[in-house]
Every structure is written in C-alpha cells, then in structure tokens.
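All figures in this text were calculated on a predicted structure; none of them were measured in a lab.
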Amino acid sequence: MKWPNTLTAIRHGESAYNILKKVKEDSPDYQEFREAFEDRHQDPERTRMLAERIIKLGIFKLGTGNHNTAITGAVRQQARSTGVRMHELVVLPDVVLVSPYDRTLATLDGLSEGWPDLRNVPTVEFERLREQEHGVAELYGDWRIFHTMHPEQDELYALQGPYWYRYPQGENVPDVRERMRSTMNTVMREYIGQDVMMVTHHLSILALRAHLERHSAEDFIHLDNHEKPVNCGVTVYRGDPSQGTDGKLLLDLYNEQLY
C-alpha cells in the first residue's frame, strides 16, 4: 500500500481571532455595517462611511499577522481535553506534521499535555500546512470591509465566486488544494505504512478531504458551508490495502469534537 496506515488531521484550537470575530458580530456598529453591506449597491456611500467608522474604531483588529495569531489560555483546555481522549481513537503517530503558525504550535503543545506520549514523537514544522493567505485583505481584518474599501475586489469576487477568487497578494482555494496535494505527495513518499498526524487549519483539512475524495469545486464549497471543521476537530483516515492495486485512505472519522 502506498499510503500511511492512518492519517489524522486536527484543526487548531479557538484562536484570539475567532473570539474577536464573535465580539465584532455582536457589536451594534458592525451589525449596522453588515445590514448596509447586504444592500451596498443601493447606497455605496453609506456603506463606505460605516466601514470607515469601524476602521477608525480600530477595535476589531488584533494587530498581529495571521501567522502569529495566538490561542488564549482558556481555550488551551480544548486541546488538552482533546489529547486526553485521542488515544482512544487513534494510535500514537510515528510523526507529527504541524503548521508553523503560533496557534497550531500551541494546539500541539496542548494536545501533548493531554497525551504526554506525543512529546516523544518526531515533529516537523510544515509550511505547506499553513492557513490560506489573505494578502492585502489582512490589513482590514474583515473581508466585507476590505471589499467595501476596494469595490473592484467586490466586483471580482462576485464574478469569480468564493472558490476561484484570489485575494491580492494572497491565495484562492485552488492554491491551498495544490499545497495539500504537494503535502500528500511528500507523505506518500516518506511515510508509507506509518501513522501520521497533522495539526493544521480549517481550509487545509477541507483541502485534504477534497484531494483524497476527489471533490469538485462545488463539493468543496458545500463542505465549507455545511461541514466546516470545528476548533480542535479530529479527522481520521485509515489505510485499506484491499482498495485497488495501491490501497486507499478511507474516511473513518470526520470533525469529531472531543472536548
């Protein structure tokens, strides 16, 4: 069989951005903007004015890059509790591939607190497992505000759709899928017959499913809309050598919340 024995993918714990997003969405200022944004073509000047007000408030931006957005101390318990229960579902991996972002590294550390044997497993920081890059939009902390301030990007997004649209100086979904395809080529070359764990991000996990299950663009969007990976959600594929000449990785568990 050309595949790993098992492949386990875990999304990072809830990050400071996830928490700030909830605060933002509860804000009356942001709710007023969201309402205007939904009808932005009728009154673009008002929508822009409301977006500028939020930018001036400056309270919905973390002031960090995507790569060094942290998880909070309280959220660390998510990873610890997940680690405690993971040994009931999967064997100890032979290797852990982890995105080099702060929140994924901190999640792995929390998992290891709950499952101490993980500390003895070789770990590789794997840049191809990073989150989708949002480029210039990262300066705004919100894609709706970014599109309001750059209406040509809003028009391009409407034309291309969420799958094909590429953020300026950033990536689109196919870019992330290509990274995952490259990652799996490495896994198939270096870790055949081994137990592999990945600690990564939500879009990378969807890209993993899309690659292994041959999903179309429409399938991918459906997953993202209806089966989005939860924080610290655990996904497991198990190798089945009886599937074809080279065997196959079959989905055994998806997005399991263990905390």
Side-chain angles (χ1 to χ4, degrees), residues 7 9-12 14-15 17-18 21-22 24-25 33-34 37-41 44 47 51 65-67 69 97 99-101 103-104 126-188 198-231 233-235 237 248-251 254-255:
L7 176 60
I10 304 162
R11 187 188 177 197
H12 62 79
E14 190 173 38
S15 71
Y17 174 77
N18 297 143
K21 183 179 178 181
K22 293 177 182 178
K24 177 177 68 176
E25 290 176 348
F33 163 71
R34 278 287 301 270
F37 183 82
E38 296 303 319
D39 200 27
R40 58 193 177 280
H41 301 300
T47 306
N66 199 356
H67 67 287
T69 299
L97 308 180
S99 160
Y101 282 22
R103 57 190 181 275
T104 41
F126 216 75
E127 292 182 353
R128 279 173 281 172
L129 290 177
R130 68 188 184 274
E131 182 58 288
Q132 179 185 17
E133 295 180 353
H134 294 95
V136 176
E138 195 171 319
L139 296 173
Y140 295 86
D142 186 288
W143 71 269
R144 293 179 182 85
I145 293 176
F146 169 64
H147 282 184
T148 299
M149 303 307 293
H150 298 274
E152 77 285 354
Q153 293 299 320
D154 192 43
E155 185 177 352
L156 185 61
Y157 182 88
L159 183 67
Q160 295 184 329
Y163 185 86
W164 298 105
Y165 172 78
R166 179 181 284 112
Y167 288 92
Q169 295 179 245
E171 297 177 305
N172 62 9
V173 171
D175 292 328
V176 180
R177 290 188 64 166
E178 283 298 319
R179 284 201 272 110
M180 183 53 69
R181 183 176 291 110
S182 174
T183 296
M184 288 306 300
N185 287 341
T186 299
V187 168
M188 291 164 61
M198 297 176 176
V199 184
T200 183
H201 306 265
H202 114 261
L203 209 66
S204 296
I205 291 173
L206 294 182
L208 176 66
R209 283 201 63 179
H211 174 64
L212 294 176
E213 300 172 37
R214 300 294 189 266
H215 286 171
S216 66
E218 291 74 19
D219 295 332
F220 192 102
I221 294 301
H222 177 82
L223 275 179
D224 199 21
N225 287 337
H226 301 286
E227 300 183 47
K228 195 185 300 293
V230 298
N231 291 115
V234 178
T235 295
Y237 283 88
K248 189 176 182 180
L249 283 175
L250 299 179
L251 185 64
Y254 178 62
N255 206 22

Exercise. Do NZ/NE/NH1/NH2 and the carboxylate oxygens of Glu133 and Arg179 come within less than 4.0 Å?
Worked result: no
For this session: Say whether Arg103 and Ser15, considering side chains only, have a donor N or O and an acceptor N or O under 3.5 Å apart.
Result: no
Exercise. Any chance the rings of Tyr165 and Tyr167 have centres within less than 6.0 Å?
Worked result: yes
For this session: Evaluate the side-chain contact (heavy atoms from CB on, under 4.5 Å) criterion for residues Gln153 and Leu156: first the C-alpha distance (whole Å), next the side-chain angles of each, then the deciding distance (0.1 Å), finally the verdict.
Result: CA-CA 5 Å; Gln153 293 299 320; Leu156 185 61; 4.2 Å; yes
Exercise. Can you check whether Glu178's main-chain N or O pairs, donor with acceptor, with Ser182's side chain at less than 3.5 Å?
Worked result: no
Exercise. Are Trp164 and Val173 side-chain neighbours, meaning at least one heavy-atom pair lies under 4.5 Å?
Worked result: no
Exercise. In terms of heavy-atom contacts, does CD of Glu38 have more than 12 from other residues, nucleotides or ligands at under 6.0 Å?
Worked result: yes
Seminar exercise, completed: Tightest non-hydrogen contact, residues Gly170 and Asp175, listed as O-OD2, 4.4 Å
Exercise. Are Trp143 and Phe37 close enough that their ring centres sit under 6.0 Å apart?
Worked result: yes
Exercise. Does the side chain to side chain donor-acceptor pair (under 3.5 Å) test come out yes or no for Glu127 and Tyr101, once each step is laid out?
Worked result: CA-CA 9 Å; Glu127 292 182 353; Tyr101 282 22; over 6 Å; no
For this session: Decide side-chain contact (heavy atoms from CB on, under 4.5 Å) for Leu139 and Phe146; before the verdict, give the C-alpha distance in whole Å, the side-chain angles of both, and the deciding distance to 0.1 Å.
Result: CA-CA 8 Å; Leu139 296 173; Phe146 169 64; over 6 Å; no
Problem set entry | Lys/Arg N to Asp/Glu carboxylate O, Asp219 vs Arg214, below 4.0 Å | no
Problem set entry | Criterion side-chain contact (heavy atoms from CB on, under 4.5 Å) against Phe220, the qualifying member of Leu203, Val176, Asn225 | Leu203
Exercise. Any side-chain heavy atom of Glu218 sitting closer than 4.5 Å to one from His222?
Worked result: no
Exercise. Nearest 0.5 Å, what's the NE2-CG distance between His211 and Leu208?
Worked result: 8.0 Å
Exercise. Is the closest side-chain heavy-atom distance between Arg40 and Asp154 below 4.5 Å?
Worked result: yes
For this session: Please answer whether the main-chain N or O of Lys228 pairs with a side-chain N or O of Asn255 as donor and acceptor at a distance below 3.5 Å.
Result: yes
Exercise. Do the side chains of Asp224 and Tyr163 get nearer than 4.5 Å, heavy atoms only?
Worked result: no
Problem set entry | Glu152-Tyr157 side chain donor-acceptor pair, cut-off 3.5 Å | no
Exercise. Any salt bridge between Glu171 and Arg177, counting N to O under 4.0 Å?
Worked result: no
Exercise. For Glu227, does its backbone N or O pair with a side-chain atom of Tyr254 as donor and acceptor, under 3.5 Å?
Worked result: yes
Problem set entry | Arg130 backbone acceptor or donor facing Ser204 side chain under 3.5 Å | yes
Exercise. Rounded to the nearest 0.5 Å, how far apart are CG of Leu250 and NZ of Lys248?
Worked result: 6.0 Å
Exercise. Any side-chain heavy atom of His215 within less than 4.5 Å of one from Leu223?
Worked result: yes
Exercise. Are His150 and Tyr140 an aromatic pair by the rule of ring centers under 6.0 Å?
Worked result: yes
Exercise. Considering only heavy atoms from C-beta outward, does the side chain of Thr183 approach that of Leu129 to under 4.5 Å?
Worked result: yes
Exercise. Do Leu97 and Arg128 have side chains that get closer than 4.5 Å, going by heavy atoms?
Worked result: no
For this session: Measure from the side-chain N and O atoms of Asn231 to the backbone N and O of His12, and report whether any donor-acceptor pair falls under 3.5 Å.
Result: yes
Seminar exercise, completed: So CZ of Arg166 and NE2 of His134: to nearest 0.5 Å the spacing works out to 13.0 Å
For this session: Scan Arg34, Lys21, Lys24 and name whichever one has a salt bridge (charged side-chain N to carboxylate O under 4.0 Å, His left out) with Asp142.
Result: Lys24
Exercise. Under 3.5 Å, is there a donor-acceptor pair between the side chain of Ser99 and the main chain of Thr104?
Worked result: no
For this session: Could you walk me through whether Thr235 and Leu251 pass side-chain contact (heavy atoms from CB on, under 4.5 Å), step by step?
Result: CA-CA 8 Å; Thr235 295; Leu251 185 64; 3.8 Å; yes
For this session: List the steps and the verdict of side-chain contact (heavy atoms from CB on, under 4.5 Å) for Asn172 and Gln160.
Result: CA-CA 11 Å; Asn172 62 9; Gln160 295 184 329; over 6 Å; no
Exercise. Just wondering, do Val234 and Arg11 contact through their side chains at under 4.5 Å, heavy atoms?
Worked result: no
